[in-house]
Q: 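First the structure, then my questions, so here it is.
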Amino acid sequence: MEVNAVLALLILKLQDTLNEESIAKKKLLKSQLKLAQKSLEKVQNLSDDFDKSQKSRDYLRLLYEVEDEIEKFTFRVARQRKRFGLAMKQTFLLNKLNSCRMLIRKLNNLITNNYYFTENHKPVATPRITSSSSVCPIPIIPSPKRGHLTRSFTTITRIHPQKKELTFSFSYNNKNVLPHVNDNHCSNEAVAKRYNDLHTDLKPCLLYLTLFPKDFNIPVRRLLRLWLAEGFVERKPSREDIAQKHFEDLVDQVMIQITKLRSDNSPKQCCLVPVFYDYLLPKAKEINMFSIHHNPEHIDNVADSFGERRMIHQMGPATGVLTNSNSVCGHKFNPSLLRSYVSFNRPRKDMPAKEVGPLLGRVINSDFRLLQVLDLEGVNKPTLPNKLDHLYLLKYLGLRGTWLDNLPESVGKLRYLETLDLKHTNINSLPDSIWKHKRLRHLNLNNIRLTMPSSSSSTLVTLWGLVLDDKISVNELEGLTTLHNLRELGIKFQLSIASQGVLLDWIKKLTDLQSLRLFSLNGSQALTLVLKTLATLNKLSHLNLCGNLERLPAANEFPPTVKVLTLSISLLNKDPMETLGQLPSLMVLRLLAESFTGKRMVCVRGGFKKLEVLKMWKLQELEEWEVEEEAMEGLKELDIRGCHKLRSIPCRLVIKPRRLETLKLTDMPDEFVDRITKRISTNTTLVRN
């Protein structure tokens, strides 16, 4: 029984509570909670090998009681902040001190009623923990410096072998650590040893993947943010980096398999390797990490005495209709204990998901509203309660792909919210108070115009889908300058030249930026995009520019690290290839509709040394394209669409066997396709649409 994984999570949750602003300012409260933290750390190396039956289960029950006290304490703090702000009422201070003492009593009960095993397997009572007790440090295992993600050609046996993207494994250290675990016939002992050798911090992260259906392609973005919201990573400024490192460690151990790559070879989707899924699913169920329901309307009786902590809603396995999964009943469902609700229920688009609203209503009406994760990605138009702000502790609200039409105004009062994902919805407004959320880190919008405040949350690392128009004053734009930690930024704007200058002056100071999308549009009509030097953005890898570029920046004005560059409606009449060919890290180049309006394009000698993917779409005036020697030597994929006047493809790209792997031709004249078909190498796959 994986009680140590639960214990590691409790320590992180208590550390998170210690970072709470209203607690950190009160020395008495902080000292009481630090005493509780020492108690937890003292028993963190406790092994559950002494008894795999009732004693382990009793110990786990005690751990969950401690977790309940920690999160109920946090709930009381959140409720007090909502009512009184940061001002401390004396009566509430006493209540919180009493809560701290109750927590410490439960910890002492946990410690004094459990035993360590010595080397000769004799039980030794653990001493009672006091404020003078020493703290056992958490061992840190250094990891090697990571390189780029590489692909290994070791074939993996899968349940669905016809899925070609699953016939390769990936590693950050250019090696398979344990390739034989991918064999469906490998022994449980080999899988168990690999899992048992993991650092304790990684075990909850790995167990968590079993809540997704087997072979489900999990977006990496979604997984990492869920890890953060669930408390698997300590709340630090670098928490995203820590979560990314955990992910890379598990990929290197061949426990997580990458199933889909982005165009720059970064991971986009992943899943748990099947043999680990089969091994870990019983372990996750044993510690009640989550429970799966096929019909949340019938959850009044649950099978486990630990209560519903994470509820997973899945469709019925055979018919696709909802069925009741609770064939064994024994305990009353307590909505107060629910921490997470993740739904994979995807009915037809004309059938809204009705089960979410009643469930959330029960949580809101319960004594303690401990829900922290509400992930409804892909669920069609779920019903959300107007009193959403009563879920004080909610950290993750995932509504991507739900096509919701509106969002309760109360979302602006969720002070603990870290992730709000509204991409692919019909929501077109948010309360201005969203900018005041001090914990908000990931804000994905669906092209929403927001009023700019005088100051904004400085914790945001993702701001995607924001709309700025000519109603925004220069003074309002300056409110964005307080956002200096952004890593992903996507803005659609309709601004004057002066306002664009303010915007670009701010952007070039975002030295942590990794992905940038700038669309200068009025509806579908391109507007002027005044681009200044972006050379200061030395971490930027993805750059997407849509708008009429008065000039293409010089090569030294682009970020030296840019790997993926997309240009659309740029209306460039001067050949851009000489400049773009000098970008040292460019792997993917997309020249989309009207990005180039000239007739002739030349890739000069020695250019595009790292380019692997080139897409040319709807360059309607392009007639001639020449590639000189030693240019585009590494090109693997060429995608040409709607370039009706293009006469031919350079022979250097289609004849040599070491060149092109895939050639895609879409909406091209038949005679063009026939001519190219006769010339391409037998090593090149031709895709015609």
Q: Describe, in one word, how the ring planes of Trp227 and Phe247 are oriented to each other, choosing from parallel (under 30°), tilted (30 to 60°) and perpendicular (over 60°).
A: tilted
Q: Could you check whether any side-chain heavy atom of Arg225 comes within less than 4.5 Å of a side-chain heavy atom of Tyr396, counting everything from C-beta outward?
A: yes
Q: Just checking, any donor-acceptor pair under 3.5 angstrom between side chains of Gln514 and Ser541?
A: no
Q: If you draw a 6.0 Å radius around NZ in Lys203, do more than 12 non-hydrogen atoms from other residues or ligands fall strictly inside?
A: yes
Q: Determine whether more than 12 heavy atoms belonging to other residues, nucleotides or ligands lie under 6.0 Å from atom NZ of Lys508.
A: yes
Q: Measure from the ring center of Phe212 to the ring center of Phe344 and say whether it is less than 6.0 Å.
A: yes
Q: Is there a side-chain contact between Thr462 and Leu489 in this structure, where contact means two heavy atoms from C-beta onward sitting under 4.5 Å apart?
A: no
Q: Hey, could you give me the CG/CG distance between Leu388 and Leu394, rounded to the nearest 0.5 Å?
A: 6.5 Å
Q: In Å, rounded to the nearest 0.5 Å, how long is the span from CG of Leu371 to CG of Leu337?
A: 12.0 Å
Q: Within 45 degrees of the ring normal and closer than 6.0 Å to the centroid, is that where the cationic atom of Arg369 sits relative to Phe75?
A: no
Q: Are side-chain heavy atoms of Leu272 and Phe216 found at a separation under 4.5 Å?
A: no
Q: If we check side chain to side chain contact (heavy atoms under 4.5 Å, CB included) with Lys13, which of these qualifies: Glu230, Glu67, Arg235?
A: Glu67
Q: About how many Å separate CG of Leu460 and CZ of Arg441, when rounded to the nearest 0.5 Å?
A: 8.5 Å
Q: Taking it one step at a time, do Phe493 and Phe519 satisfy ring-ring contact (aromatic ring centres under 6.0 Å, His included)?
A: CA-CA 6 Å; Phe493 55 86; Phe519 281 17; 9.0 Å; no
Q: Considering all heavy atoms of both residues, which atom of Leu440 and which atom of Leu420 are nearest to each other, and what is their separation?
A: CD1-N, 4.3 Å
Q: Working to the nearest 0.5 angstrom, can you tell me the gap between Leu450 CG and Leu463 CG?
A: 8.5 Å
Q: CG of Asp405: more than 12 outside heavy atoms within 6.0 angstrom?
A: yes
Q: Whether Lys245 and Asp249 form a salt bridge (side-chain N of Lys/Arg under 4.0 Å from carboxylate O of Asp/Glu) is what I want to check.
A: yes
Q: State plainly whether the residues Lys492 and Asp469 are in salt-bridge range, i.e. N to O under 4.0 Å.
A: no
Q: Would you please say whether a donor-acceptor pair under 3.5 Å links the side chains of Glu240 and His442?
A: yes
Q: Are the charged groups of Arg487 and Asp241 less than 4.0 angstrom apart, N to O?
A: yes
Q: With heavy-atom distances below 4.5 Å as the criterion, would you say the side chains of Arg415 and His437 are in contact?
A: yes
Q: May I ask you to decide if the ring planes of His424 and Trp403 are parallel, tilted or perpendicular, using 30° and 60° as cut-offs?
A: tilted
Q: At what distance, to the nearest 0.5 angstrom, does CG of Leu534 lie from CG of Leu545?
A: 7.5 Å
Q: Would Arg221 and Asp421 pass as an ion pair if we require N to O under 4.0 Å?
A: yes
Q: Could Arg310 and Asp375 be called an ion pair, given the rule that one side-chain N must be under 4.0 Å from one carboxylate O?
A: no
Q: Indicate the atoms forming the closest heavy-atom contact of Glu355 with Ser343, along with that distance.
A: OE2-OG, 4.3 Å
Q: Identify which one of Leu397, Asn447, Ile427, Asn444 satisfies the side chain to side chain contact (heavy atoms under 4.5 Å, CB included) criterion when paired with Leu422.
A: Ile427
Q: Verify whether the ring centers belonging to Tyr416 and Tyr392 lie closer than 6.0 Å.
A: no
Q: Would Lys72 pass as a cation-pi partner of Phe368, given that its NZ or CZ must be under 6.0 Å from the six-membered ring centre and within 45 degrees of the axis?
A: yes
Q: Any side-chain heavy atom of Leu486 sitting closer than 4.5 Å to one from Leu483?
A: yes
